[in-house]
Amino acid sequence: MSHTFYIAMSYGLTALVILSLIGWVMLDGRARRRELAELETSGIRRRSATHSAGETR
Amino acid sequence: MRPALIVFQKDPMTESFAITKFSDLANPTRFLALTARILPWMAGITALLFVIGLYLSFTTEGDYQQGDTVRIMYVHVPAAWLSMMCYTVMAISAIGTLVWRHPLADVSHKAAAPLGAAFTLIALVTGSLWGKPMWGTWWVWDARLTSVFVLFLMYLGLIALNRALDDPSRAARVSAVLILVGFVNIPIIKFSVDWWNTLHQPASVVRLDGPTIDAEFLWPLLVMAVAFTLLFFTLHVAAMRNEIWRRRVTAQRRMAARMAGKEE
Amino acid sequence: MINLLLRDLKLSVRAGGGALIGVLFFLTVVAVIPFGVGPDLNLLSRIGPAILWIGALLSALLGLDRLFQTDREDGSLDLMLMQEHPLALTVLVKCLAHWIATGLPLVIASPLLGLFMNMNEVAIGAVMLTLLAGTPAITFIGAVGAAVAVALPRGGLLVSILVLPLAIPVLIFGVSASYAAVEEPAPFMPPFLILVALTMFFAVLGPVGAALALKNAGD
């Protein structure tokens with residue numbers, strides 16, 4: 001008996017999970033970048049742009 | 001504290017990535033600049049390795065005993081390895097959060113948790129798909145499977161905790177404590193599950209160990225393992241970058257609201 | 001420290017403290033099991049120790065979220081954070097008080113429930129002994145979960161989710177030891193001693209972790 005079904009399933013599901021991870025990370029990144037750009041155009045800048053040190057928040 | 005750490009900064013391309021990340025912990029802005037430079041490279045190398053790994057894993061011969069199902073190993077073993085490595089990365093970041101209070105360490109273990117859960121899920125699903133033709137059942141309460149399942153539950157608990165707390169830095173510190181307590185516990189859980197399993201070992205289960213691994217299987221396994229590891233780091237860095245952006249957006253929105261409030 | 005112990009005990013037995021809810025829950029869970037698996041006395045006596053242990057584990061987790069939350073609400077948690085004693089010691093005392101109020105009643109109630117499960121005297125004694133040795137470990141490790149979730153409005157369910165995977169070793173060795181006492185070939189002492197060792201280990205890890213979490217959950 002060949003086990004093609006199980007092999008295909010495991011590779012397929014792995015690909016599905018990994019691709020959805022990649023998709024999530026990329027879409028999330030794109031959305032954040034867009035939000036940052038929107039904020040930028042509306043004239044809000046990071047504190048570090050006016051002060052000196054780089055700070056997350 | 002910050003400038004002292006920047007001194008350790010070396011050429012990022014020659015350093016191994018973990019070290020770069022830690023030497024650059026000091027400053028999220030530098031981190032962002034760095035990721036913008038190396039992310040395409042990492043993604044490219046990962047893709048290349050996956051092409052080679054997949055080619056190797058489908059062209060090498062099957063095992064005489066297990067037939068083609070041995071190919072499942074090429075995704076199962078790397079995923080299982082990553083599920084453990086990811087927790088180690090999270091534990092190291094948790095120490096970074098609690099001891100040095102670096103914002104980047106906070107971001108690191110927060111971004112790693114969903115990735116770890118995903119890879120653990122892959123390990124569980126492929127293990128189950130491997131078990132069905134080999135053992136004749138989808139799930140056995142085998143010691144290894146069971147401890148990986150417990151690990152999966154721990155990842156999900158951490159994600160749930162992170163989602164439940166809305167102040168990001170407090171969430172990071174609190175979940176760092178939990179990560180470390182869990183890290184100390186993992187060997188105990190493993191040990192007790194082994195004990196429990198030898199107590200209840202069903203006789204019919206065929207164990208999949210022994211010296212079946214020879215060079216024929218080793219190469220694809222090795223390449224796939226490296227590919228998976230790189231994939232993890234690529235995704236981790238990208239997710240960290242997203243998380244930093246997310247925090248900036250929230251901070252700037254809050255600032256905008258404050259400014260708007262002042263003007264009125 | 002003694003004062004803290006007495007104060008916590010008083011608070012938990014007072015109305016609204018919820019110490020007896022745990023025993024009631026234990027009683028209800030164990031009483032419901034036969035309706036699920038059927039009234040076969042042989043089967044019940046075989047799975048009895050396991051059911052008692054699972055019931056005790058769940059009931060011990062039930063009241064854990066209140067461990068620090070009441071103190072946070074009335075402000076005494078801030079006082080504890082400012083004390084000169086190490087916070088871990090304070091947490092240890094609070095855990096002990098919590099265990100006396102909720103864990104000990106479970107241990108005392110277990111023989112009665114063992115009779116319902118048609119367990120023999122040796123099995124009942126073994127379950128009681130292992131519960132006595134094992135439930136403190138659940139309280140200690142649960143303290144970490146309670147401290148982590150202290151700031152959450154509805155942390156109760158989350159505490160259980162976070163703590164249950166960590167409590168698996170306690171369950172395994174508790175149940176193994178109880179079975180080893182009944183079934184002949186297996187020796188009773190090794191799993192029991194490991195259980196005791198786990199309790200002692202968690203008695204250190206739990207308060208230290210909980211203290212760390214409490215310090216960080218502030219501000």
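Side chains are part of it too, since the values below use all heavy atoms of this structure and drop only hydrogens, waters and symmetry mates. First the proteins, then the strands, lettered A, B, ... as listed; each starts at 1.
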Q.
If I take atom CG from residue B:L178 and atom CG from residue C:L212, how far apart are they, to the nearest 0.5 angstrom?
A. 11.5 Å
**Q.** Straight-line distance of C:I161 CD1 to B:L153 CG, nearest 0.5 Å
**A.** 9.5 Å
Q) So which heavy atom on B:V177 is nearest to which on C:G209, and how close? A) CG1-O, 3.3 Å
Q. Between C:V144, C:L198, C:L162, which residue shows the highest count of heavy-atom pairs closer than 4.5 Å to chain B?
A. C:L162
Q. Does a sphere of radius 6.0 Å around CZ in C:R46 hold more than 12 heavy atoms from other residues, nucleotides or ligands, not counting ones at 6.0 Å or beyond?
A. no
Q: Indicate yes or no: at least one non-hydrogen side-chain atom of C:F202 is less than 4.5 angstrom from one of B:N185.
A: yes
Q) Going by heavy atoms in the side chains, are B:V174 and C:V150 under 4.5 Å from each other? A) no
(Q) Taking atom CG as the centre, does C:L157 end up with more than 12 heavy-atom neighbours from other residues, nucleotides or ligands that are less than 6.0 angstrom away? (A) no
**Q.** C:F116 atom CZ, neighbour heavy-atom count above 12 within 6.0 Å
**A.** no
Q: Can you measure from CG (C:L158) to CZ (B:R163) and round to the nearest 0.5 angstrom?
A: 12.0 Å
Q: List the atom of B:V150, the atom of C:P165, and the distance in Å for their closest heavy-atom pair.
A: CG1-CB, 4.0 Å
Q: Go through the atoms of C:L166 and report whether side chain, backbone, both or neither lie under 4.5 Å from a heavy atom of chain B.
A: both
**Q.** Contacting region of B:L156 [heavy-atom separation from chain C under 4.5 Å]
**A.** neither
Q.
Nearest 0.5 angstrom please: C:I172 CD1 to B:T146 OG1, how far?
A. 8.5 Å
Q) Highest number of heavy-atom pairs under 4.5 Å with chain B: which of C:V175, C:I141, C:I194? A) C:I194
